[in-house]
Each structure stands twice: as structure tokens, then as C-alpha cells.
Amino acid sequence: MLTGVILALGLCGRLSAAHTFLLAVTWSSPEVAVGPLAVALGLVLRDKGRSTRSALMAGWLRTAAGELRAGSSLRSAIAGAVDAYPDLGLERIGRLAYAGRPLSEMSAALAECQGMEAIAAVVAVAGSTGGSVVNVLETLATEAADEATLQREKRSLTAAARWSIGLVGGFPLAVLAVQVIRGELGSMLRAGTVPAAMVVIGVSLLTLGLVTVGVLLRRVHAL
């Protein structure tokens with residue numbers, strides 16, 4: 001009965017075609033929904049618990065600048081920032097700083113790290129001139145924080161699109177997998193030419209749909 005209500009809401013325009021299909025399939029075959037929903041939930045939890053690299057870099061830069069304002073040397077400031085933000089994966093930089101290696105060597109190592117090219121240039125200049133780089137680090141921290149804000153807004157604005165695209169693409173694949181497990185697909189292939197042709201056409205259309213979903217997801221991530 002509930003399936004009929006869902007279909008009626010879809011026909012009346014109260015639900016989109018995609019939402020009608022998803023709700024109907026979830027109610028009629030809950031096992032089909034487990035896979036796509038688990039994947040979608042995992043993606044949401046990953047996005048929720050993951051700090052963007054830009055946000056981590058902003059904190060790293062602020063920590064380094066704060067250490068410098070407190071009177072630390074540039075090496076000590078960098079080492080302290082590395083210890084404070086281990087998720088950035090700058091352990092090698094920290095080891096070089098604690099070992100007292102030349103700033104030129106630390107700059108070269110920083111330049112090999114993702115998104116640290118500007119910081120590497122600052123360290124190189126500091127090593128050559130001996131000037132203060134506090135203001136430069138704070139400016140870079142502000143820029144990194146702005147970038148992190150933009151990334152959070154992008155994820156928030158595209159969350160619904162990623163959910164819809166992922167679920168619409170995942171449900172047909174889950175249905176096909178269930179049919180294979182139950183042996184329904186094999187039975188149709190052995191039932192004769194027409195059923196076999198329908199299976200081939202259906203799988204081809206599903207493949208085309210999954211390719212389309214992949215393209216849409218790439219476009220969403222590229223925004």
C-alpha cells in the first residue's frame with residue numbers, strides 16, 4: 001500500500017522521479033538499499049570528520065607566527081607548528097628543524113610538500129636575509145583560512161547533488177547485483193531470445209547510466 005502512495009505522490013508531482021524511484025525500491029526491497037545507503041553515509045561521515053588541508057595549513061601558519069611573536073626562532077616555530085598539526089604530514093620538516101639543519105635545506109623540503117610552496121619561499125628568503133616573516137605568515141594564514149571557508153561552502157552547496165547522483169547511480173547497480181545473486185538474471189538469459197535481449201539492453205543502458213553518473217560526479221567535484 002505504501003508503495004502505491006509513493007507512486008501516487010510521484011505522479012502528482014509531489015516527489016521527483018528520482019526520489020519516487022528510490023523510496024519505492026527502498027520500501028519494496030530494503031536489501032537493495034543497504035549498499036548505496038551505506039556508501040552514501042560513509043561519504044557524508046568522511047566529509048564531516050575531515051578537516052580540509054587549507055584549514056590545517058591556516059592553523060599551522062598561525063601557530064608558527066605565534067611562536068615567532070613569542071620570541072622563538074624560525075626553526076623552533078616551524079618545529080612547534082609541525083608538532084601541533086601532525087595531520088599535515090610534515091614530520092620530515094620537523095626532524096630537520098630539530099636537527100638544526102640550514103633554512104635553505106628546510107625550504108627545499110617544504111617545496112616538495114603539497115601546498116607549501118609559498119611557505120618554502122618565505123623560509124628561503126628568511127634564511128638569506130634574516131628578516132622577520134611574521135606578517136607574511138599571518139597573511140598566508142588568512143588566505144588559507146579563506147580557501148578553507150570556500151571549500152566548506154562548496155561541500156555544503158554540492159552535498160545534495162552528490163547524494164542524489166550517488167544514490168540514483170547506486171540503486172540500479174544494487175538491483176542488478178541482487179538479481180544476479182538470486183539467479184533471476186541467469187533465468188532470464190536462459191528463457192529465450194527476447195528475455196536475453198532485454199537483459200543485454202538493460203545492462204547496456206545501466207552501464208551508460210553509470211558512465212553518466214561518473215561524469216556528473218566529476219563535474220560536481222570540479223566546482
Scan residues 57-68 for pairs that pass side chain to side chain donor-acceptor pair (under 3.5 Å), counting only residues two or more places apart or in two chains.
Glu67-Ser72
Quick one, Arg95 with Val82, criterion side chain to side chain contact (heavy atoms under 4.5 Å, CB included). Give me CA distance, side-chain angles, the key distance, then yes/no.
CA-CA 9 Å; Arg95 289 194 297 270; Val82 169; over 6 Å; no
How would you list, by chain and number, every residue that makes a side chain to side chain contact (heavy atoms under 4.5 Å, CB included) with [X], sequence neighbours excluded?
X: Ser73; answer: Arg75, Ser76
X: Val136; answer: Val122, Leu140
X: Ala148; answer: Thr52, Ser54, Ala55, Arg152

Any side-chain heavy atom of Leu74 within less than 4.5 Å of one from Leu103?
yes
Considering only heavy atoms from C-beta outward, does the side chain of Ile119 approach that of Met57 to under 4.5 Å?
yes
Under 3.5 Å, side chain of Ser107 to main-chain N/O of Ala120, donor-acceptor pair present?
yes
Atom pair [atom1]/[atom2] of [X] and [Y] - distance to nearest 0.5 Å:
X: Leu90; Y: Met116; atom1: CG; atom2: CE; value: 4.5 Å
X: Met198; Y: Thr193; atom1: CE; atom2: OG1; value: 13.0 Å
X: Leu68; Y: Ser132; atom1: CG; atom2: OG; value: 7.0 Å

Where at least one partner belongs to [range], residue pairs that pass salt bridge (charged side-chain N to carboxylate O under 4.0 Å, His left out), sequence neighbours excluded:
range: residues 101-121; result: Arg92-Glu112, Arg101-Glu105
range: residues 129-145; result: Arg69-Glu138
range: residues 78-88; result: none

Looking at every non-hydrogen atom in both residues, tell me the closest pair between Ala58 and Ala141 and how far apart they are.
CB-O, 3.6 Å
Can you give me the closest heavy-atom contact between Tyr98 and Ala79, atom names plus distance?
CZ-CB, 3.6 Å
Verify the cluster assignment for Val134 and Val123: are they in a single hydrophobic cluster under the rule of side-chain heavy atoms below 4.5 Å apart?
yes
